[in-house]
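Within every chain, numbering begins at 1; the chains are lettered A, B, ... in the order of the sequence lines, protein sequences first and strands thereafter. Note: hydrogens, waters and symmetry copies are ignored here, and every other heavy atom, side chains too, is used.
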Amino acid sequence: MITTSDKEDIQRSLENYPGLQFYPDAEVPYIQGIWEAKFNGVLFETYEVKIDFIHGYPNKLPLVYEISSKIPRLADRHLNPPGWDACLFVADSRWEVWPLGSSFLKFLEIPIHNFFLWQAYYDEFQKPPPSGERSHYDQGVVEYYYERLSVTKPDQALRLLLATKYITKRTDRCPCGKNISFKDCHYETVKLFRDNAEKLYIQKAINIFLEIVEQQRKIYAQKKEKSLIYTFNISPSEILKK
Amino acid sequence: MLDIDEDQLDLFFDEIYQNLDVPKDTIRAADKEHEILAEWLKDDSEVKFKTNSSLYPQGSVLFGTSVKPVKDGDDFDYDLVYLRQIQKDSISKKELKEQVGEQLHRFVEHLKTINHPTIPTLKEGGRCWTLKYGNKFHMDILPALPDEDHTRYTINKSDGIILTDKALHEWCFSNPKGYNTWFKNQMRQELNEVKARLVRDSSMNIEEIPDNDAKTILQRAIQILKRHRDSTFQGDKENKPISIIITTLATKSYKKTGSLTKALKDIVSTMASHIETKDGEDWVTSPINPAENFANKWKENPTKKEAFYRWLELANEEFGSLETRGTVIQLSEGLKKTMGETVITGALKSYQEKKFKRDALKIAVSSVKTQTPPHTEVKS
């Protein structure tokens with residue numbers, strides 16, 4: 001069940017969206033209607049949409065469906081099989097895109113707005129826009145952290161994510177591996193993640209990077225080459241054991 | 001250096017194709033009249049001649065390469081084969097032609113008695129009969145018999161037909177269904193991709209979408225070339241290169257680059273290389289019958305050969321170096337003379353509207369407030 005104040009917030013958010021109708025008393029409350037993919041007054045495309053407020057809202061994201069099948073049911077169009085709900089963004093980035101406590105209006109104005117503009121562009125040009133897309137599945141998560149942490153290697157991302165959980169002194173060498181102090185390098189970014197990102201997603205991302213690093217370590221071990229991966233004395237597994 | 005980028009050129013030429021394509025409602029109306037006639041002829045043949053018959057499209061209607069007539073007042077040509085299941089020894093060429101004429105005459109009378117909305121007028125041609133439906137289209141109905149020789153063609157062997165020449169002296173051979181199979185097979189994958197795109201904009205399944213609702217780049221290029229030919233030979237219809245030659249050579253020259261303007265350039269620059277010489281004679285060999293030469297009239301009438309090469313040279317000048325012809329507006333001024341003012345003016349208008357939308361979309365996707373690239377997280 002969603003709370004009365006959430007329902008009021010949703011209803012208020014729809015004031016500038018006359019094509020959308022809210023059904024708050026349905027078993028699963030939902031919005032249905034026409035979404036206009038437009039920008040600066042230029043209408044590019046319309047999509048018939050349904051937005052389900054599933055149990056756990058707003059902690060759980062509403063599920064957005066394009067119900068007239070205008071968008072092909074393909075993972076490449078960022079619809080999640082088997083139900084084909086829209087995959088609006090990497091879940092790990094929720095704290096930046098639509099933080100808990102924000103109005104539903106922001107959800108309409110940013111992720112949904114961007115998603116359908118992206119689809120309209122794809123329909124017109126038959127290719128994704130230059131603003132890009134994330135790869136499918138875990139690779140998309142990896143790309144998000146690389147971009148957000150400004151790093152290029154899995155061990156760098158892993159150590160920075162670990163630094164959100166375990167105390168690293170500001171004067172220590174930065175976990176990214178650069179030969180400068182943490183405070184002059186990634187301290188502020190790590191602090192942002194530590195204060196805002198959901199712990200569950202951080203832990204999932206740590207597991208993803210840990211697996212990548214371990215795989216690479218095995219490859220180097222098989223090749224009997226000196227490990228090129230670790231720039232520090234303690235491996236991530238050992239850190240986790242502490 | 002390019003004056004116009006490739007995307008803009010393709011967009012503009014796609015709009016040219018849209019403006020010279022026969023409108024869907026005209027084709028649908030002709031399809032409907034075709035169905036009514038086919039059913040009536042089938043029933044009438046069973047009763048009167050105790051034989052089966054069928055009526056099916058041929059030529060550009062079947063291949064999806066029809067173009068609007070150059071003159072605004074002219075109507076669209078819908079070609080049909082009227083295949084009667086009788087042996088050629090049992091009927092003379094004259095009888096075949098006359099029996100069909102008599103049937104069509106009674107068909108027109110039948111339409112009058114049922115108050116059919118459009119009553120066509122019947123006119124006799126060299127080897128076909130023409131039913132003219134108002135100002136939008138006419139049907140050329142070509143009487144034909146089955147070709148009993150099933151060894152003539154490499155595909156659709158049993159779909160061969162025989163038909164009379166214009167003077168009713170000789171039997172001629174043809175296989176429109178076989179040629180269509182070959183033509184569509186050259187672009188089958190692309191055709192299926194275009195259909196898949198159409199599926200999502202309609203409630204139909206992919207199998208229900210008519211082949212010719214989905215136009216590939218090759219079909220569009222052929223339509224543009226045919227229009228260029230029609231405009232070039234407006235005052236000399238006798239010598240204009242025949243469509244089957246253009247379609248065959250264009251298909252053989254087609255490279256799947258995904259670009260309409262590149263396809264046009266490839267076709268006009270290489271189509272002559274697919275004309276062979278056999279015993280001093282020019283050959284445009286039928287892709288389904290190695291013994292058939294589509295250019296068989298060139299030897300006895302060299303003016304037709306000269307006309308083809310003259311047209312190809314003009315087409316090369318027109319489509320061979322599009323990217324260096326200034327802006328789209330400058331290019332359109334030149335094309336008005338060779339492709340027709342109405343078509344190019346209409347194409348330019350819709351091109352500008354579409355370009356505005358595309359430019360706005362580019363700005364829109366690059367101006368989103370927060371970068372939230374879509375992602376897919378659930379594996380099927």
(message) Taking atom CD as the centre, does B:Gln189 end up with more than 12 heavy-atom neighbours from other residues, nucleotides or ligands that are less than 6.0 angstrom away?
(response) no
(request) Using a cut-off of 6.0 Å, state whether more than 12 heavy atoms not belonging to B:Glu193 lie near its atom CD. (result) yes
(message) Once salt bridge (charged side-chain N to carboxylate O under 4.0 Å, His left out) is applied, what residue pairs with a partner in residues 344-353 of chain B remain, sequence neighbours excluded?
(response) B:Lys349-B:Glu353
(request) Could you check if a side-chain atom of A:Trp118 sits within less than 4.5 angstrom of a side-chain atom of B:Val365, using non-hydrogen atoms only? (result) no
(request) First locate atom OG of B:Ser366, then atom CZ of A:Phe39, and finally report the distance between them rounded to the nearest 0.5 Å. (result) 7.5 Å
List the atom pairs, donor and acceptor, that lie under 3.5 Å between side-chain atoms in residues 219-226 of chain B and the rest of the protein, sequence neighbours left out.
unit_1: B:Gln219; atom_1: OE1; unit_2: B:Thr216; atom_2: N; d: 2.8
unit_1: B:Gln219; atom_1: OE1; unit_2: B:Thr216; atom_2: OG1; d: 3.3
unit_1: B:Gln219; atom_1: NE2; unit_2: B:Phe63; atom_2: O; d: 2.9
unit_1: B:Arg220; atom_1: NE; unit_2: B:Lys215; atom_2: O; d: 3.1
unit_1: B:Arg220; atom_1: NH1; unit_2: B:Asp14; atom_2: OD1; d: 2.6
unit_1: B:Arg220; atom_1: NH1; unit_2: B:Asp14; atom_2: OD2; d: 3.1
unit_1: B:Arg220; atom_1: NH2; unit_2: B:Lys215; atom_2: O; d: 3.1
unit_1: B:Gln223; atom_1: NE2; unit_2: B:Asp21; atom_2: OD1; d: 2.8
unit_1: B:Gln223; atom_1: NE2; unit_2: B:Ser66; atom_2: O; d: 2.7
unit_1: B:Lys226; atom_1: NZ; unit_2: B:Thr65; atom_2: O; d: 3.0

(request) Might you confirm whether atom CD of B:Glu317 has over 12 heavy atoms from other residues, nucleotides or ligands at distances under 6.0 Å? (result) yes
(request) Would you give the length of the straight line joining atom CG of B:Leu361 to atom CZ of A:Phe44, rounded to the nearest 0.5 angstrom? (result) 4.0 Å
(message) Assess the residue pair A:Val42 and B:Phe356 against the criterion (side-chain contact (heavy atoms from CB on, under 4.5 Å)); give the C-alpha distance rounded to whole Å, side-chain angles, the decisive distance to 0.1 Å, and a yes or no.
(response) CA-CA 10 Å; A:Val42 182; B:Phe356 170 78; 4.1 Å; yes
(request) May I ask you to name which of A:Lys38, A:Glu133, A:Glu143, A:Glu124 has the most heavy-atom pairs under 4.5 Å with chain B? (result) A:Glu124
(request) For the residue pair B:Lys362 and A:Phe125, establish whether any side-chain heavy-atom pair is separated by less than 4.5 Å. (result) yes
